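Here the structure comes first, spelled out in structure tokens, and everything after it is commentary.
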Amino acid sequence: MSRYIATRGIRGANRIVKEAEDLFEKALAEHGPDTKVAFPNTGYYLPVILGITGTEVERLGDLKPVLEHARSLLHPVPEDRLWTPYLGEALDCGIATLLAEEVIMGIRFIYGEQPERLPGFRLAGGTFTSPDEAEEGGVEGRLNGPIDDIQLRSWGIQLVDGRMPGFAAIIGAAKSNEVAVKIVRELQMRNILVFLCGNVNGRSIIHQLTEEGVELGYDTYTVPFGTDTISAIYAAGFATRAALTFGGKKGGQTREIFLYNKFRVFAFGLALGEVDDLKYATAGGVISYGFPVIADTVIPEILPTGVTQYEHVISMPFDDIEGKDDLERATRLVQRCIEVRGVKVKIAEIPIPIPYGSAFEGERVKRADMRIEFGGKYSRAFEYLRMRDLDEVEDGKIEIVGPGFEDVEEGGYMDLGIVVEVAGRKMQEDFEPVLERQIHYFINGASGVQHIGQRDIAWIRVSKSAAEKGLTLRHFGDILYARFHSDFEAIVDKVQVTIYTDPEKMKEWLEVARAAYDVRNKRLVEMTDESVDAFYSCTLCQSFAPNHVCVVSPERLGLCGAYNWLDCKASHQINPTGPNQPVPKGEPLDSDKGYWQGPIDFVYEHSNHTVEKVSMYSIMEDPMTACGCFECIAMVIPEANGIMVVSREDPSMTPAGMTFSTLAGMAGGGLQTPGVMGVGKYYLASKKFIRPDGGFKRVVWMSSFLKESMAEELKAVAEREGDPDLIDRIADERNVTTVEELVAWLEEHDHPALKMPPIL
Amino acid sequence: MTGNRTIDPAVAEMLQRAEEMGISTAFDRAEEMKPCPIGSAGACCKNCSMGPCRLVGKHDRGICGATRETIAARNFARMVASGASAHSDHGRDMALTLLAAAEGEAPDYEIRDVKKLLEVAQFLGVETENRETMEIAKETAEVALAQIGQQKGELLYLQRAPKKRQEIWRKAGVAPRGIDREVVELMHRTHVGTDQWYESILMAALRNALSDGWGGSMLATDITDILFGSPVPLTANVNMGALKEDEVNIVVHGHEPVLSEMILLAVRDPEMIEYAKSKGAKGINLTGICCTANETLMRQGVPTIGNFLSQELAMMTGAIELMIVDIQCIMQALAPLADQFHTKLVTTSPKAHIEGATHVEFDEHRALEMAKEIVKMGIDNFPNRQDTHIPKEINHLVAGFSHEYINYALGGFYRGSFRPLNDAVIQGRLRGVAGVVGCNNPRRCQDASHEYIVREMIKNDVLVAMTGCGAIAAAKYGLLSPEAARYAGPGLREICETVGIPPVLHVGSCVDNARILTTLSQMATEGGLGEDIADLPGVGFAPEWMSEKAISIGSYCAGSGVYTIMGSESPVANSPIVDHFLSEGWEERVGGKLEFIADPEEAVEKALEHIDKKREALGLEEYDPSRFGRSGDRRMEEWLALLEKGEPVSLYREPRLK
């Protein structure tokens, strides 16, 4: 602290706690103590309050002890002379501020004032499969508000695998709109998640970015929380839940939650424009999480370290930053932020005329903004990667076979084939699909380019602005060349890219590609757990969930869906000391239930001796643990003598009486809970899916999303199980949301689970 | 003749008055009576009636054949035993008070710090789950008393030291088995014809000293915190200007807070205040001297009017109605001096009577009632007040730095730790840490060495912790106020501004030096600064020591791994071998050493050299103050000043003063 900051922070804390108390009294009088208080789509109640105090706030009345605790953390402002120490006191006031802010937000939800209204604003969607659909839907006129658990989890894997190095909470407004855009672009280019909130004299960076047409939303890694300082609480809520979800911490383990964030979550606060009392007070809370705060104005600096890993508060008066113009200064400001937090950023230099980074992966190109599309409704696009011998590949060769899109009319379409040929001494055929799937991420990283799908259902759109900046087909080659080299240097020595637009050639290569897809499909399908000597571990998430170990086998892919056995094998080749290690199966103890000595020993050793035994297949006996990144949660419903499977896309109530978000708390954090398991969705189609517990026939309820998105696979499973109508016998959230309804449904539909031996 | 006697203007002023009144003080007596050259070098042995033997000139053996080494070592050891017994007996009394309070026999006492009780109980292996506070308190007191009387094994508190330190003690055979036992054994060893090898005697002395620091003193501090609350920062006044012309001045003096806490309640009693008013006073003003003052200052903010050498001078103001004394460091000279003024001198401890003083023996069963009686005696004495002469001198300080608070200060309720302190040392913002403790001694200019060493330390970015009369000394010159950060080097100043602390931390009375041990242990275990107290870039000083307690303190600091510098000629100078053993011999065995360096400049030089040596051994960056000092409020203040002047300023630009 400094006395200046402590004075203002403590003053701000005293005021906001009073404000929260007043609002609480008002709400209590108007709505009564039993009124429900909740943030949408989270199983963590009011997460900051849960984390700090352990209180599970459900009703308005529950907020009273929280406010009392906040008040007990307050201190008077330091004297002008002969002051007593203020660092610990100001940090405590910061905690009081966060508690008060979350109380206020909880109450604002009661009044329908959250997420904040901003007329004309449109969020850049959630998960979507068709950009045209999302244009029609979407929430208009409201900012994002708190992040839901589903999004938190889907970012989890990116936060752990380094694709997303950290998050920045920006508060206030930049010196100008162009600086605001530049700062955000710089952060996006580094794949840093950006939270936006606050204002300076009524003007927020959210206004600035909206005016400049910057898309804000989950898909672009830029989340607009609200235009006041209080909405910064949602960033603290995100950080708190990271510790609860991935760190396996419990509410009330406050110090552990803070230290988890200090050491594992690379986040910082960036205060743009004047810093007022409430911002200082909030900063006091943020610093307790170990997050430093950087300001672009003159404020006192706090350079000694300890509560944070590096400096606590940095002031970089914007006009004093060296640089030829404001844009360059903005770049330097972001660079400094990254240094101060010690964020590790791996950035590949991509020689293209538009910004590039994972943050642009989720960007949408609306039809109206589209220059051209490849694939989709009106044309076809495919991508194919194959390995060749070293002398068959000319490294760096990028060839366009056929015309560019320059002559296609605006908003038009054309066919496209992307063929990537790689060679390397350590390259194996098994790696082809792993590498090929990266094309999606690589192409998507270009700002103004949208990539959906894979193989021969690829669908690429290029925006008008990207085309205006000079993007051509050749640049796809540049991107792929650069990224394959930088990301896979261990196995890829040479890369050559050929892009086909010539209709004849395109057709010819499409056939070659399809033949290859077919071979690959069969290869993975034909692999069984019995046919290999070793499984693979995945401890990628241990940076977040230190006690969790995934064991990935040919018939059970990683619970995040991102890693199957082949991927792990490739990853091990690429990085032999990395998170994917071969786990020799060793002595089979009970191969029906999936007990092998090798995985048991490995998991025990690598889970900090917390998971003593693990079965590869069972949900009832020593089920495999989960980090928090699972695609689905399977859970036993004893009344139905079966299990339900809820997908993370499904926010609705399940027959277990809990939503995905709430269940996730039980399934994640490396905890072994018989009857509950986090899984990858394709594990559902595996022959080994809960085999010792009765297999797929035990599934009595599943999210309709799964039924639809895996229709083909599930149909095959039903046939395999000898009951072609099985999927229709399974209930989903459209018709069943309680246990009673479920049991009735099963009887009505003659579900086989009812005739199976008791699951418990 | 006050020029080289003191640097305290209040004392100087009062010495002038003493001279005018023809009153002799310790300052005069020190000039009149030179120290005995034989005794001061540890050359005299009077442990039996064959002597006394003085081993000077050609005599290098006593009648029994004892060598210079044996005799010097025995004399030194007996100082340790006496000092350790004083602290440990103090600790015993605190434990007995806790026991009486827990058993309901001392109804005026309560458990003010339950959290600390639970912590201490845990250290002492007392079950705390599902038990009443008073039950826990009772057993805690019993275990504490059992520690004092323990005969075998090891003191439980040794486990609070870093693991490596504990191993060093065990290896060197100095892990104390009990508290009383070590004193008794050391007295036995030094009896005629017993232990007659200086190494053996001095290692036993070390074990006894450790039983003080990690035993008696630590228990005293902990139990005092339990009964009266762990200190937290507060502001207070220091020096004789805190005496009031128009109020009844009551002074507490000595070392124990048990009675003084009750006196404080009594003087705040509206009935007593009314009574004082009925006697023509505007109120009752409680102040303190020495460590009773430090105890009430740390917890209650009671002003301190002076340290050891100020006691006679304070009485000479003629403004003190009543001086209540308990134990240790109370000059007998006060009794005849009180006769020359209206001041009533009241002794209260059954073990500390003074001929000529009024003795009101303290009875904890009716503590508050007694306190009121004593205060009433003072009030009744107010009308007898004659001419007064109160120096105007007053300064301000922030005190109250328990190690618990320091932990809190560095991160708050949820993030408290020593990490920021360790980081500061590792990065070189702090060159190191120093404890400056101990007494006044009329053989040296009062406060001068304290003041000099403290200023030099903070100027060199060494964070200073102080206790006892040393702390009062530094407070008198403003070094304990947060504003004193301006005297600090750039790195230390940054730390002070970040945390809001003064560069010099008052951690308590002399028995509270145990807090320094705890703090050092926490630093050593926090990480990044080695594994042991001896690895830390730290030093200890007792620049103006005079009491035997200081020798015990110095020894247990050395025994805990600290380079400790005593500000005097060596009391074992008659045996260079013994002198060398206290330094190199101890360092070799336990990592810390005790040296006697009379010249404060030399002391500072050696201390900094030692700190740098330790930094280098830890592989830390070389101390370079030019790298630091950028943080803090200055820039903001400049910016605001420009704004106020109406100069054009921009939030986006550094202020530029014309």
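As the structure is a computational prediction, the values presented were derived from the model and not from experiment. Below, read A as the first sequence line, B as the second, and so on, with proteins coming before strands; counting in each chain starts at 1.
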Looking at B/R630, B/E637, B/M636, which makes the most heavy-atom pairs under 4.5 Å with chain A?
B/M636

Distance-only, no hydrogens or angles: does the B/E483 side chain make a donor-acceptor pair with backbone N or O of A/L82 under 3.5 Å?
yes

Between A/S315 and B/R635, is any side-chain donor less than 3.5 angstrom from a side-chain acceptor?
yes

Per-residue contact mode, A/I95 against chain B (heavy atom under 4.5 angstrom)
side chain

Whether over 12 other heavy atoms sit under 6.0 Å from B/D624 CG:
yes

Check step by step if side chain to side chain contact (heavy atoms under 4.5 Å, CB included) holds for B/R653 and A/V298.
CA-CA 7 Å; B/R653 234 174 236 294; A/V298 179; 5.6 Å; no

With only heavy atoms counted, which part of B/E654 is less than 4.5 Å from chain A, the side chain, the backbone, both or neither?
both

Flag, side chain of B/D423 to backbone of A/G306, donor-acceptor distance under 3.5 Å:
yes

Between the side chain of A/Y86 and the main-chain N/O of B/E497, is any donor-acceptor distance below 3.5 Å?
yes

Just wondering, are more than 12 heavy atoms of other shown residues or ligands nearer than 6.0 Å to CZ in B/F413?
no

Select one option (side chain, backbone, both, neither) describing which atoms of A/L91 are under 4.5 Å from chain B's heavy atoms.
side chain

Considering only heavy atoms from C-beta outward, does the side chain of A/L259 approach that of B/R415 to under 4.5 Å?
yes

Bottom line for B/L397: the part with an atom under 4.5 Å from chain A's heavy atoms is backbone

At a heavy-atom distance under 4.5 Å, which candidate from A/T84, A/I302, A/T305, A/V313 has the highest pair count against chain B?
A/T305

If you count heavy-atom pairs under 4.5 Å between each of A/D92, A/T308, A/T297 and chain B, which one has the most?
A/D92

Given A/E79 and B/T235, is the side chain to side chain contact (heavy atoms under 4.5 Å, CB included) satisfied, shown in steps?
CA-CA 11 Å; A/E79 300 287 334; B/T235 60; over 6 Å; no

Heavy-atom contact with chain A under 4.5 Å, split by part of B/L640
side chain

Nearest atoms (heavy-atom pairs only) where B/G411 meets A/V307:
CA-CG2, 4.2 Å

Non-hydrogen atoms of chain B under 4.5 Å away: do they reach the side chain of A/K262, the backbone, both or neither?
side chain

Counting only heavy atoms not in B/R634 (residues, nucleotides, ligands), do more than 12 fall under 6.0 Å from its CZ?
no

Verify, without hydrogens or angle tests, whether B/D633 (side chain) and A/S2 (backbone) share a donor-acceptor contact under 3.5 angstrom.
no

Taking CG in A/N201 as the centre, count heavy atoms belonging to other residues, nucleotides or ligands within less than 6.0 Å. Is the count above 12?
no

So which part of B/F418 gets closer than 4.5 Å to some heavy atom of chain A, the side chain, the backbone, both or neither?
neither

Greatest number of heavy atom pairs closer than 4.5 Å to chain B - which of A/L303, A/I314, A/I299:
A/L303

Tightest non-hydrogen contact, residues B/I501 and A/P85, listed as CG2-CG, 3.8 Å

Parallel, tilted or perpendicular for B/Y414 and A/F258, by the 30°/60° rule?
perpendicular

Chain A contact via B/I426 - which portion, at a heavy-atom distance below 4.5 Å
neither

Greatest number of non-hydrogen atom pairs under 4.5 angstrom with chain B, of A/E89, A/E311, A/E274, A/R3, falls to A/E89

Which residues in residues 275-289 of chain A have any heavy atom closer than 4.5 Å to a heavy atom of chain B?
A/I287, A/S288, A/Y289

Under 4.5 Å to a heavy atom of chain A? For B/F401 that would be side chain

Is there a side-chain contact between B/S631 and A/P304, using heavy atoms and a 4.5 Å cut-off?
yes

Counting neighbours of CD on A/E322 that are heavy atoms of other residues, nucleotides or ligands and sit closer than 6.0 Å, is the number greater than 12?
no

